[in-house]
Amino acid sequence: MEKLFKYLRKGIKMFDCIILGAGLAGCVLAERFASDGKRVLLLEKKEHIGGTCYDFYDKSGILVHKYGPHIFNTDNETVWKYVNRFSDFRIYHHRVLGVIEGKKVPIPFNLESLYQLFPSTYAECIENKLLDKYAMNTKVPIMELQNQDDPDLKYLANYIYEYVFLHYTQKQWGMSPEEVGGTATARIPFYISRDDRYFQNRYQGIPVNGYTDMINHIIANENIHVLLKTDYHKVIELDQLTHTIKFLGLPYNGKVIVTVPLDELFEFCFGHLPYRTLDFKFETFNTEYFQEICTVNYPNNYDFTRITEFKYMTGQVHPQTTIVKEFPKQYDWKDKSQEPYYPIPQEKNTILYNKYRTLLDEFSNVILSGRLADYKYYTMSETITNALGAFDKYCVDNIK
């Protein structure tokens, strides 16, 4: 590694852009800059590209997602066309069942769930009351239903809160919905529909050869140089006194793209931003399928939140099958085996994040993009949208 650093130091002027993190945001921005003729150095501390989108073939030869299931879904035609430049997609509409009072019913909670859990006459009564107030195929937050005068609609809202949301949230976040934040409850919908798909986006699918293959194609540009298993702190230094950047100890005036956590970037000088993380337990069975659908949620029982079976997503034909169980817990930055998955949406954490953001804003040649850098949960579509937007802003700023 030291020999490589010496080589890079000699060629410091060869890089117009240095990107910290080779997750989806970093790789999309690498592609954009490289396609614009810029020479890019992409730094990644993991031993692989793709961040949490990374997938691989396990010992049984089954394609699995190392960091939990990823289903690409978007209404953004620009994003859909972008990813299809680098991979064909298998059309896949994700469906989820939740175990509620011993029955497996569609999630998000919809009319099918209603009829499976309640007597048909009562379910029909609630359906009619809902359709008196709302149009078919609309999503109504249960908070809105809780504020209705009608006792049946209130009961429905409280039922969904209790059996679908409350205990799942306590497992996922380690706190009550109220502690997570008031906006959490507002996001819980009742879907007035018999459409049992988890997503209703226009475009949905899985890359036919997997996400890693797709992302390898994204960065397959001779202008991109990738360094894996590299601690970026050994390569890049942000001087907070002079607001200048050094690359391997030498002044660097090119662009630096930050997709890594800001508290880590500034070595936790204001403290640690909290995250929730996940432990994954992969199991392979000598049977074609383990469960009846790709994902089954367990909101009320067991320590894990869900079980996912990958072959439903990928369409892979194999006599065996691999599943993964997800066990949420608090992220410990000292444990290098853990990943910071979910920023915790509380006001105190936003205030802490903004202190780090203020530090970064002092550096004129830095671009920020991605879930970790923004301390916000993003879908893959949102990650790509933000990365493309960051590059477009760079182009506009350069014209100015």
Side-chain angles (χ1 to χ4, degrees), residues 68-69 71 73 94-118 122-123 126-127 129-130 133-134 137-148 150-201 274-278 293-308 325-330 341-347 349 376-379:
I71 297 95
N73 61 98
H94 193 49
R95 287 174 170 82
V96 175
L97 296 176
V99 179
I100 300 173
E101 295 195 289
K103 296 180 179 179
K104 293 180 180 178
V105 304
I107 300 292
F109 205 97
N110 58 29
L111 293 176
E112 290 296 324
S113 315
L114 183 68
Y115 276 86
Q116 290 179 31
L117 286 168
F118 297 113
Y122 187 58
I126 293 180
E127 178 184 6
K129 288 184 176 184
L130 287 167
K133 290 182 174 290
Y134 307 102
N137 297 321
T138 57
K139 293 182 178 180
V140 183
I142 66 164
M143 180 179 289
E144 183 173 334
L145 294 179
Q146 285 174 325
N147 292 329
Q148 297 290 332
D150 188 288
D152 291 321
L153 296 184
K154 277 189 175 182
Y155 174 78
L156 174 64
N158 290 333
Y159 184 91
I160 296 172
Y161 179 85
E162 172 71 26
Y163 287 99
V164 180
F165 185 69
L166 174 60
H167 304 294
Y168 192 95
T169 299
Q170 289 172 333
K171 284 196 287 186
Q172 183 73 9
W173 295 100
M175 59 185 80
S176 69
E178 291 73 23
E179 290 174 302
V180 173
T183 57
T185 308
R187 292 194 301 268
I188 317 164
F190 180 93
Y191 187 29
I192 307 175
S193 175
R194 286 185 166 79
D195 180 354
D196 64 350
R197 296 175 302 163
Y198 195 77
F199 306 109
Q200 281 72 47
N201 302 87
Y275 292 85
R276 291 293 283 178
T277 189
L278 297 166
I293 201 167
C294 179
T295 299
V296 178
N297 285 2
Y298 292 82
N300 303 304
N301 301 313
Y302 306 100
D303 292 335
F304 54 85
T305 52
R306 60 182 178 177
I307 297 176
T308 295
K325 296 176 181 176
E326 299 182 28
F327 298 82
K329 65 180 184 180
Q330 194 67 19
Y341 288 107
Y342 302 109
I344 298 176
Q346 292 180 311
E347 183 180 1
N349 300 334
K376 291 180 181 178
Y377 176 77
Y378 289 144
T379 65

Set of residues satisfying side chain to side chain donor-acceptor pair (under 3.5 Å) with respect to K139, sequence neighbours excluded: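 For K139 the side chain to side chain donor-acceptor pair (under 3.5 Å) partners, ignoring immediate neighbours, are Q200.
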Residues which pass side chain to side chain donor-acceptor pair (under 3.5 Å) with N110, listed by chain and number, not counting sequence neighbours: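 Partners of N110 by the side chain to side chain donor-acceptor pair (under 3.5 Å) criterion, ordered by chain and then number, come out as S113.
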Is the shortest side-chain heavy-atom distance between [X] and [Y] below 4.5 Å?
{"X": "Y159", "Y": "L117", "value": "yes"}
{"X": "P106", "Y": "R95", "value": "no"}
{"X": "K133", "Y": "Q148", "value": "yes"}
{"X": "L130", "Y": "V140", "value": "no"}
{"X": "H94", "Y": "R197", "value": "no"}
{"X": "V164", "Y": "I142", "value": "no"}

For the atom pair [atom1] ([X]) and [atom2] ([Y]), what is the distance rounded to the nearest 0.5 Å?
{"X": "K154", "Y": "L145", "atom1": "NZ", "atom2": "CG", "result": "11.5 Å"}
{"X": "I293", "Y": "L97", "atom1": "CD1", "atom2": "CG", "result": "4.0 Å"}
{"X": "W173", "Y": "Q346", "atom1": "CH2", "atom2": "CD", "result": "9.0 Å"}
{"X": "N158", "Y": "Y163", "atom1": "CG", "atom2": "OH", "result": "11.5 Å"}
{"X": "Y122", "Y": "E127", "atom1": "OH", "atom2": "CD", "result": "13.5 Å"}
{"X": "I126", "Y": "L111", "atom1": "CD1", "atom2": "CG", "result": "10.5 Å"}

Minimum-distance pair of heavy atoms, taken over all atoms of [X] and [Y]:
{"X": "K376", "Y": "P343", "answer": "N-CG, 3.7 Å"}
{"X": "A123", "Y": "L114", "answer": "O-CD2, 3.5 Å"}
{"X": "S193", "Y": "N137", "answer": "OG-OD1, 2.8 Å"}
{"X": "G98", "Y": "I107", "answer": "N-CG1, 3.4 Å"}
{"X": "D152", "Y": "D150", "answer": "N-OD1, 2.8 Å"}
{"X": "R276", "Y": "Q172", "answer": "NE-O, 2.8 Å"}

Geometric class of the Y302/Y298 ring pair [parallel <30°, tilted 30-60°, perpendicular >60°]: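 The rings of Y298 and Y302 stand perpendicular, inter-plane angle above 60°.
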Name the orientation class of the two ring planes belonging to F190 and F109 (parallel below 30°, tilted from 30 to 60°, perpendicular beyond 60°).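 Correct class here is tilted.
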Quick check: are there more than 12 heavy atoms from other residues, nucleotides or ligands sitting under 6.0 Å from [atom1] of [X]?
{"X": "N147", "atom1": "CG", "value": "yes"}
{"X": "E347", "atom1": "CD", "value": "no"}
{"X": "Y198", "atom1": "OH", "value": "no"}

For the pair [X] (side chain) and [Y] (backbone), establish whether a donor and an acceptor sit closer than 3.5 Å, ignoring hydrogens and angles.
{"X": "N201", "Y": "N73", "result": "no"}
{"X": "E179", "Y": "S176", "result": "yes"}
{"X": "K104", "Y": "V296", "result": "no"}

Ring centres under 6.0 Å, that's the criterion: do Y275 and Y342 meet it?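 Ring centroids of Y275 and Y342 are no less than 6.0 Å from each other.
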Any salt bridge linking K171 with E326? Criterion: basic side-chain nitrogen under 4.0 Å from a carboxylate oxygen.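 No.
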Does V105 form a side-chain contact (heavy atoms from CB on, under 4.5 Å) with E112? I'd like the steps, not just the answer. CA-CA 8 Å; V105 304; E112 290 296 324; over 6 Å; no
